[in-house]
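Only one structure is covered here, and it is reproduced in the block below.
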Amino acid sequence: MAENKNEKMEAIVSLAKRRGFIYQGSEVYGGLSGTWDYGPLGVTLKRNIMNLWWKMFVEDREDMYGVDAAILMNQKVWQASGHVDTFTDPLVEDLVTHRRFRADHLLKDAGFVVDGLSLDDMTRLIVDNSVLSPDKNELSSVRTFNMMFKTNVGPVDDESSVSYLRPETAQGIFTNYKNVLDSFYPDLPFGLAQQGKAFRNEISPRDFIFRSREFEQMEIEYFVNPADWEVEFEKWVGLVHQWTDALGLPAENVHELEVEGADRAHYSKRTIDFEFDFPIGREELLGLAYRTDFDLMNIQNAAGKNMDYTVKGTNTKFVPHVIEPSFGVERALMAVLSSAYTEDEVNGEKRIFLKLSEHLAPVKYAVSPLLKNKPELVAKAREVYAILKKKHGAVMWDDNGNIGKRYRRQDEIGTPYCVVVDFDTLEDSMVTIRDRDTTEQHRTLIEEL
RNA sequence: GCGGGCGUCGUAUAAUGGCUAAUAUGUCUGCCUUCCAAGCAAACGAUGAGAGUUCGAUUCUCUCCGCCCGCACCA
């Protein structure tokens, strides 16, 4: 097994696989880098996170509208959004050290204006002016690396049929802004929310599910009066913290990073990265960006459609500005798993458990007969199981081994409560409930579960 | 993509140019068990894929796939 400096991360990856949360994509064929498959528990945990988000940001609010746009979009979307240009990095390679650099960055550093230059133009500039790599060696010609997955739509494989798997979900929202205005004409501010897959051909997918080539986003485009953007932005800072609280992430592990000018995305006037202390280090968990009217204006110019919003009962018109909180599902999941992963000792033995919040845990209750070779206990336990299953859904039957083993198994998958039917249950209709975190137990009536 | 290190049951480890590839745990079956991985018995389960060298390859070589560390990239 390869060296891994991070034991906690390794333990989580191992548990995730062993217990049926997350597997390497295409594993039977040797895997496919940057893809991950979700097992029975993983898909439930992931959906619980996504549903929590949907409830919190869409269902529980009056100003939010859900959409679900197609992943394949007209190629004009990506030209207008700037992705065709900016998701394509011009790279050069040092012919001696083989290190790679951004050609445009090297040229800019050397004092050249590179805006609008073709690859050939850049190569010529490098050759004519003997531009060297930072390691003082000759450079290769300029080649592109496109982060977007390209594909063709329809039977003809030519330029007109080119499309891309979306590298972000946001554009699917912007392209429907006008549709939603026509259907609802909500008062400002209002938001459009979407969950869905996005694809990026990362050079180097890394760190378990942290950076992968196919991932799921939860995004909101919140449309505001340009005059109000700062106030609304601050509100979203607060809402983001509510979200990380709801995930059960310790507040002290969530950090705000104000992203400075040059590092911001091409569309953004202000960005805060919310970072989390992952086992792999402090890394971005989600982003909050003020996108101005960049996207709507792009559409207005490229598609020739008016994007104005008219304030009701007035003649005031403007193109709304946008606050965009953008959440990565896998990163949220990884943050949840890392902060839930706990080791302690019970009776001098190491115990591993996932301290998942009740509303996120893939299994809420495990039901067991105290002994599985006593038919009367099994029958009663089955009864209790059926009642709970009907009521809560996420309930597991477990009669494996002995009671201690079952507790440990359930601990590892984060089941908050284990319900045990014993001989007294047959007399008093009470069951034992054992708490995952404290390992304490108490008795309660079956009806009160 | 470059450089370095790697790839053995689900997981964690062992061993080997030639005997049935070992141990623990797990999973499963039976017995047992009146609350925290107890015990007994049995079974299942692996050399990432392909090619080459060889009488014989999991072991040596090559290609591919994947993983780890570093670089670079990360809107």
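Proteins get letters first, then strands, A, B, ... in listed order; numbering begins at 1 in each.
Set against B/U11, B/C35, B/A75, the side chain of A/Glu168 has B/A75 as its closest nucleotide. When the nucleotides B/U27, B/C67, B/U34 are ranked by their closest atom to the side chain of A/Gln24, B/C67 comes out on top. Of the candidate nucleotides B/C35, B/U34, B/C32, B/C35 has the atom nearest to the side chain of A/Thr432. Distance from the side chain of A/Val346 is smallest to B/C36 among B/C28, B/C35, B/C36. Distances were taken from every side-chain heavy atom of A/Tyr407 (C-beta onward) to each of B/A37, B/C32, B/C36; the shortest belongs to B/C36. Nearest nucleotide to the side chain of A/Arg409, out of B/U27, B/C35, B/U11: B/U27. Taking only side-chain atoms of A/Arg19, from C-beta outward, the nucleotide of B/U27, B/U11, B/U33 with the closest atom is B/U27. For A/Ile403, the listed nucleotide lying nearest its side chain is B/C35; candidates were B/A37, B/C35, B/U33.
Side-chain polar atoms of A/Arg406 and A/Asn400 form no donor-acceptor pair below 3.5 angstrom. Checking A/Thr432 against A/Arg443 by side-chain atom types alone, a donor-acceptor pair falls below 3.5 Å. A donor and an acceptor atom, one from each side chain of A/Asp435 and A/His442, are nowhere located under 3.5 Å apart.
A gap of 12 Å separates the C1' atoms of B/C9 and B/U23, to the nearest Å. Distance noted for atom C1' between B/A21 and B/U16: 8 Å (whole Å). Between B/U11 and B/U27, the two C1' atoms lie 11 Å apart (nearest whole Å). Spacing between B/U8 and B/A57 at atom C1', rounded to whole Å, works out to 14 Å. Rounded to whole Å, the separation between the P atoms of B/A12 and B/C31 comes to 33 Å. Comparing the P positions of B/U34 and B/A49 gives a spacing of 47 Å, expressed to the nearest Å. When the C1' atom is compared between B/U47 and B/A14, the two are found 13 Å apart, to the nearest whole Å. The gap from the C1' atom of B/C19 to that of B/C62 amounts to 31 Å, rounded to the nearest Å.
Looking only at distances, a side-chain donor or acceptor of A/Ser163 sits under 3.5 Å from a matching main-chain atom of A/Met73.
Contacts of A/Lys17 with the nucleic acid, taken as non-hydrogen atoms under 4.0 Å apart, involve only primed sugar atoms and P, OP1 or OP2. Residue contacts shown for A/Val420 include a base, since a base heavy atom lies under 4.0 Å away. Here A/Arg206 lies in heavy-atom contact (under 4.0 Å) with a base. The residue A/Glu27 sits apart from the nucleic acid: no heavy atom pair falls under 4.0 Å.
What separates CG of A/Asp411 from C1' of B/C35 is a distance of 13 Å, to the nearest Å. In this structure, A/Leu370 atom CG and B/U33 atom C1' are separated by 9 Å, rounded to whole Å. Protein atom CE of A/Met430 is 18 Å distant from nucleotide atom P of B/C35, rounded to whole Å. Taking atom CG of residue A/Asp424 and atom C1' of nucleotide B/C35, one finds them 12 Å apart after rounding to whole Å. A straight line from CZ of A/Arg18 to P of B/A37 spans 17 Å, rounded to a whole angstrom. The interatomic distance linking A/Phe208 (CZ) with B/C68 (P) rounds to 11 Å, in whole Å. As a whole-Å value, the separation of A/Arg213 CZ from B/G1 C1' is 11 Å. To the nearest angstrom, P of B/C36 lies 14 Å from CD of A/Glu440.
An OP1 or OP2 oxygen of B/C67 is reached within less than 4.0 angstrom by a side-chain nitrogen or oxygen of A/Ser33. Distances shown here put every side-chain N or O of A/Asn402 at or beyond 4.0 Å from the OP1 or OP2 atom of B/U34. In this model, the phosphate group of B/U33 is approached by a side-chain N or O of A/Asn373 to a distance below 4.0 Å at OP1 or OP2.
Surrounding CZ of A/Arg47 are at most 12 heavy atoms belonging to other residues, nucleotides or ligands under 6.0 Å away.
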- Would you please test A/Phe233 and A/Ile272 for side-chain contact (heavy atoms from CB on, under 4.5 Å) and show each step? CA-CA 10 Å; A/Phe233 192 95; A/Ile272 293 179; 3.7 Å; yes

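Residue-to-nucleotide contacts include no donor-acceptor pair under 3.5 Å from the side chain of A/Arg351 to the base of B/C36. Counting atom types as modelled, A/Asn347 pairs no side-chain N or O with a base atom of B/C36 as donor and acceptor under 3.5 Å.
In this entry B/G17 has no Watson-Crick or G-U wobble partner, no candidate having both defining distances under 3.5 Å. The nucleotide B/C67 finds its pairing partner in B/G5, both defining distances of the Watson-Crick or G-U wobble pair being shorter than 3.5 Å.
Sequence order on RNA chain B of the closest nucleotides to A/Asp435 and A/Ser14 puts A/Ser14 first from the 5' end. For A/Arg200 and A/Lys372, each mapped to the nucleotide of RNA chain B holding its nearest heavy atom, the one lying further toward the 5' end belongs to A/Lys372.
Ring centroids of A/Phe57 and A/Trp236 are separated by less than 6.0 Å, placing the two rings close together. Ring pair A/Phe208/A/Phe210: centre-to-centre distance not below 6.0 Å.
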